[in-house]
Amino acid sequence: QVQLVESGGGLVQAGGSLRLSCAASGRALNTYAMGWFRQAPGKEREFVAAISRGGITTYYADSVKGRFTISRDNAKNTVYLQMNRLKPEDTAVYYCAAPVQRKSSWSGDYWGQGTQVTVSS
């Protein structure tokens, strides 16, 4: 069993930055890959970013590549999502998930409760 708690969401103007955090408990963080997903109103949940167990390999959706950075601190059992140059279309509830895997698409086994990110134009 894995428990995930996201934080760091909020309201920001377009072009601004936010850093999301996901604190994990229940299992050592370095035993699995982790990821971020988001869901905008009226849309399906979509993959944002993922990071390997050791933090060496990262993956990004094309829509955030070059603007978002995923990282992890296994000693703190925490994964981060640094979001820069935010756009109104980034507005969504952001979810942390673990472990994550990619088959036909990215998916996760356990999910946090989500944190709202709102980007105003």
Distance (rounded to the nearest 0.5 Å) between Ser105 OG and Phe47 CZ: 10.0 Å
Close side-chain approach of Gln101 to Ser107, heavy-atom, < 4.5 Å: yes
Test item: Tyr80 and Asp73 side chains (from C-beta on) under 4.5 Å apart, heavy atoms: yes
Partner set under ring pair (Phe, Tyr, Trp, His ring centres under 6.0 Å) for Tyr59, not counting sequence neighbours: Trp106
Closest contact, heavy atoms only, Gln39 versus Lys43: NE2-O, 3.1 Å
Side chain proximity check, Thr91 to Val117, heavy atoms < 4.5 angstrom: no
Straight-line distance of Tyr32 OH to Arg53 CZ, nearest 0.5 Å: 12.0 Å
Salt bridge (charged side-chain N to carboxylate O under 4.0 Å, His left out) contacts touching residues 99-110 (sequence neighbours left out): none
Single-linkage hydrophobic cluster Phe37~Leu20, side-chain heavy atoms < 4.5 angstrom: no
Between SG on residue Cys22 and CD on residue Glu6, distance to nearest 0.5 Å: 5.5 Å
Exam field: side chain Ser63 to backbone Ala61, donor-acceptor pair closer than 3.5 Å: no
Candidate pair Ile70 and Tyr60, rule side-chain contact (heavy atoms from CB on, under 4.5 Å), full reasoning: CA-CA 9 Å; Ile70 188 171; Tyr60 296 96; 3.5 Å; yes
Min side-chain heavy-atom separation Ser17-Met83 under 4.5 Å: no
side-chain contact (heavy atoms from CB on, under 4.5 Å) between Val93 and Thr115, intermediate numbers included: CA-CA 5 Å; Val93 178; Thr115 185; over 6 Å; no
Single-linkage hydrophobic cluster Val2~Trp111, side-chain heavy atoms < 4.5 angstrom: no
Arg85 backbone acceptor or donor facing Arg67 side chain under 3.5 Å: yes
From Tyr94 atom OH to Trp36 atom CH2, the distance as rounded to the nearest 0.5 Å: 10.0 Å
Pair Lys87 + Asp90: basic N to acidic O under 4.0 Å: no
Minimum-distance pair of heavy atoms, taken over all atoms of Ala14 and Ser121: CB-CA, 4.4 Å
Audit row: Val12, Thr118, side-chain contact (heavy atoms from CB on, under 4.5 Å) steps and yes/no: CA-CA 6 Å; Val12 64; Thr118 303; over 6 Å; no
Closest contact, heavy atoms only, Ala92 versus Arg38: CB-CB, 3.8 Å
Nearest atoms (heavy-atom pairs only) where Ile51 meets Arg72: O-NH1, 3.5 Å
Residues Ser120, Gln13; criterion side chain to side chain donor-acceptor pair (under 3.5 Å); working and verdict: CA-CA 5 Å; Ser120 63; Gln13 288 188 334; 5.0 Å; no
Test item: Gln113 and Val5 side chains (from C-beta on) under 4.5 Å apart, heavy atoms: yes
Minimal non-hydrogen separation, Gly112 against Tyr95, with atom names: O-CD2, 3.6 Å
Transitive ILVMFWY cluster of Ile56, excluding itself - 4.5 Å side-chain cut-off: none
Value rounded to 0.5 Å, distance of CE in Met34 from CG in Leu81: 11.5 Å
Interatomic distance, Asn84 atom CG to Phe68 atom CZ [nearest 0.5 angstrom]: 8.5 Å
